[in-house]
Each structure stands twice: as C-alpha cells, then as structure tokens.
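Step one of this worksheet: look at the structure below.
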Amino acid sequence: MSTRQLHDMGVAELGRALAAKSVSSVEATQAFLARAKADAHGAFLVVDEDAALASAKAADAKRGAGVEGSDHPLLGMPIAHKDIFVTTESPTTAGSKMLQGYRSPFDATVVARLKAAGAVSLGKLNCDEFAMGSANENSAYGVVTNPWDAARVPGGSSGGTAAAVAARLVPAATGTDTGGSIRQPASFTGTTGIKPTYGVCSRFGMIAFASSLDQAGTIAHSAEDCALMLSAMSGFDERDATSVQRPPQDFHAQMLQARPGASASRPLEGLRIGLPKEFFPAALAADVGGRVREALAQMEKLGATLVDVSLPRTELSIPVYYIIAPAEASSNLSRFDGVRYGHRAAKYDDLLDMYKKSRSEGFGPEVKRRIMIGAYVLSHGYYDAYYLQAQKIRRMIADDFQACFQQCDLIAGPVAPTVAWKLGEQGDDPVKAYLADIFTLPGSLAGLPGMSVPAGLGDGGMPVGLQLLGNYFAEGALLHAAHALQQATDFHLQRPK
Ligand code: GLN
C-alpha cells in the first residue's frame, strides 16, 4: 500500500485496513512519522519516533497474537496529543516557557486510555500557552500556520491538533476545549471536532486552565472517527473529582443508532434542530452564514426540522467567560512558582524575588494578563461585583439552554463569526479575539457537548464550520446527526492543496 493512500485515511478507514492486516501498524506509523517530521506548519513540538515505532511493533504483535483487545478499532492507530496532556514519553510544555523541558512522571488519563486501546502516539502538538487563545499565536514555541493558507492562523488553542489533522500528519489527535478550543480550530481547518459534556473525559493529567470548564476531546476527519476516539478516551476516573460516574460508552454504536421513523434517505426524520436567533446576527460574515444555512438545508433534506429558538444571554457569555476563566486560571497557575517544577530564574535575591522573576520570565503576555484579571475579579471588594455576578449569569445561560431544549433536540449555528483570520491580524488587541469566541462560549459555560462539522468553503477558500450543540450526554445524538450529514455530503472530504 502506498504512503499516499495511507495518509489519506481517517481513523475508521485505517482501522479497517489494520484489522484486515492489509497494512501493519509499523507501516502506517512510518508513513505518518515521515509526514510529521516534514511538518511545515509548526504543528508538532516533538515527534517521538522511537517510542512510536516501539508501540507500533507492540500493536502488531498484539494483533498477531489475537489476545484480548486485539480487535480494538484503535489498535496500532497513529495519533498525537495536544501538549497540554502530560505524557511520560515526551516532555510536556503546555505551550509555555514555564514548563520547558518538563517531564511528567505519569500519563494523563486520556493518554493512558488511548495507549491501553493500542493507539500509537507520534508526539506532542503545539497549542496556545496554557490553552489561552484562539489562534495559536500565544505559544512560546512559535505560531502554527493553517494548512489551507499558510498566511492564516489555524485557530486555537488546539491549533497544532487541528493543523496536524488537516495536513494529514496524523489521522486524529487529542485537544481540549475550555471556551471553544476544539470547535474553533476544527472550524478553521475543515476538520471535525467534538467536545463532550463536562465530566465525560477525565481532567487528570490535563494541565489546568479553568477547571470548571476544561474538557478533553478530539479532532479528526469525520464524526465516525471522532466517535471511535471519544469512546476510547472517555469514562469515569476517580482521580478527577468532576468525572461523571457512568459505565463506558460506545459512542460509535450510539452514532449508528437509527432514529425511530427514519429511513435510509431520511436518517434525521423527526430531529428538531434549534437555531438561536442570537447565533445569526446581522453582523455575521455572509460566507459563514451562507455555508451554515446550506449545511442546515442539507440536514432538512435528511428529515430534520429547523425551529427558531433564543439564547438571550449569548452576548453576556463573553464577559462572563472572561471573568470566570481568568479567575480559575489565576488560582490554577499559582502552582508555577519555580520551586518544585517549572522555570526558575537564574538570579534572585530572596524567595519573593525568586517567585517574581521566575513567573515574570516563565509566563507570556496573555497568560500574565489573565492572571492579573483573575486576581482582580477575585479580590476583596470586587469578588461580589465580578466573580459572583458572573457565576449567577452563568447559571442563567445554562437555564436558557434548558428552555431551548424543550423545543428542540439539538442546537445549531456557526462556530465562529468569520473564517480563519490572517496571522498577526488581531494586532495587540486581545479583546478582538475574545469577541470572536461568542458562539462557542455559551455551550462551554453550560458544560454542554458540542461539535464543529465542516460546512464548505467561505471567503478566501477557507473552511467554515457548522456548530452542533446537544443537551448533557447527547454525544450520541450529536455524532449521529453529524454522521448523517457526512454520509450525504462531502464537505468533510474537502482538503487543503
Ligand atoms: N479562546 C478562548 C480563550 O482564549 C478559549 C480557549 C480554550 O478553549 N482553551 O480562553
């Protein structure tokens, strides 16, 4: 089998080829390693060739032996991890100078579960520093460029993940989404991404940004690929206090579950898709609105009904998120003090000076900005006015979603107001990027599952993503709807030149 054919495959297709032994894991791993090593997008921070080949050999041996687990759909599958997940094999930096050279003594639960399934990690992927950003321009290790147009950003914070999948350096990779960091880069790169319900994937070993929002997920080429990845990554973990206790889920089987009354030509029969009017403002870029509406028209043809709903506090999700996330970040990042791990300044006078210099040198400007905002909104005299108020509105936003779900099964809209912007275009104004998070933040604040599904190309030939949001634990319904759309259309098959 030629190299070209291999890297064209997504998780499901390559999994079938591996199962049929028409290709070995070593061959597949070598094919993707060659591409990862030639990465022209700055997506990979580390390519761990030796470890990858060793795991691939072990996977082939396991399949050959036919022991338990030798039929897992991810056995021998090349993948890669956002550098926010700690791994024993490669260093973990979270895109920060603060953690340069840091090696974890343990694997994150998500990493360990994918490893146990037999997936082969090729290495670690670039991201915004501590996952703070929407363009991957906040990484201490350089920008990531968009495979569709190297003058544009790939989105963020899982920018390396999205670029690596879009450029076919790896069939699928892990990401995290706190306020949109899986959905928005997937949208910007024409890939398919899923962020499950808060609590579905363990946060153990995922370097914390905003703990009440952080959730792991994946970016791949299709809903089917996402379903296979998510089934392996997710599940209860006693080491994460917010992990949801429930039996392991087979999201692939849920994705295939036919709706009552559905037929082959109308798989979405009876599905009510709510369109919040706030997700289609007059200011929405025409190309984005156009592609999203066209994809929704396709879903209508497949049997879905579109209903008008409202999420009246959509705009408020920006200030609410940019209070809560920095507040939690300022607390989480206090552990990086140069004492036990992380960067320590070379010269300092006393302990306090060591803290100050280590943190000043280790953190980049956006991280410092968030720590300061977070410390401010939590401080005495301002806590009630900002943090507490934000928490109250967060609850109202979650309630608004529940009111919508009385009228519809899924919610749809754009992922982002525009296609990927040019590198450097946001200049020194962080608020511009914050505002562009408007459509992903509400679902994050409510802890709901969401997907970005390719919906065709907009201005500059750049991909547009359709966002689908579901109620709590509706991952199966989301994947089913996205899969039905992908079975009937080829938006997800379009690729950069
Ligand atoms: N763009 C958002 C931020 O900068 C979301 C990031 C994320 O989801 N990790 O905080």
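Below, each value reflects all heavy atoms present in this structure, side chains not excepted, and no hydrogens, waters or symmetry copies. If you read the sequence from its start, that first residue is 1, and numbering goes on from there. Atoms within each ligand, like the ligands themselves, are counted from 1 in listed order.
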Applying a heavy-atom distance cut-off of 4.0 Å, which protein residues contact ligand 1? Ala131, Met132, Gly133, Ser134, Ser157, Asp177, Thr178, Gly179, Gly180, Ser181, Phe209, Tyr321, Tyr322, Arg370, Asp437
Sorted by first residue and then second, give each salt bridge (charged side-chain N to carboxylate O under 4.0 Å, His left out) pair with at least one member in residues 190-210; sequence neighbours left out.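 Every pair satisfying salt bridge (charged side-chain N to carboxylate O under 4.0 Å, His left out) with a residue in residues 190-210: Arg203-Asp240.
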Charged N to carboxylate O below 4.0 Å: is that the case for Lys357 and Glu361? no
salt_bridge(Asp107, Lys115) N-O dist < 4.0 Å: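 So Asp107 pairs with Lys115 through a salt bridge.
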Is the distance between the ring centroids of Phe473 and Tyr198 under 6.0 Å?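 No, they do not, as the ring centres are separated by 6.0 Å or more.
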With sequence neighbours excluded, residues passing salt bridge (Lys or Arg N to Asp or Glu O under 4.0 Å) with Asp177: Arg183
Run the side-chain contact (heavy atoms from CB on, under 4.5 Å) test against Val143 and tell me which residues pass, sequence neighbours left out.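 If we apply the side-chain contact (heavy atoms from CB on, under 4.5 Å) test to Val143, skipping adjacent residues, the hits are Glu137, Leu423.
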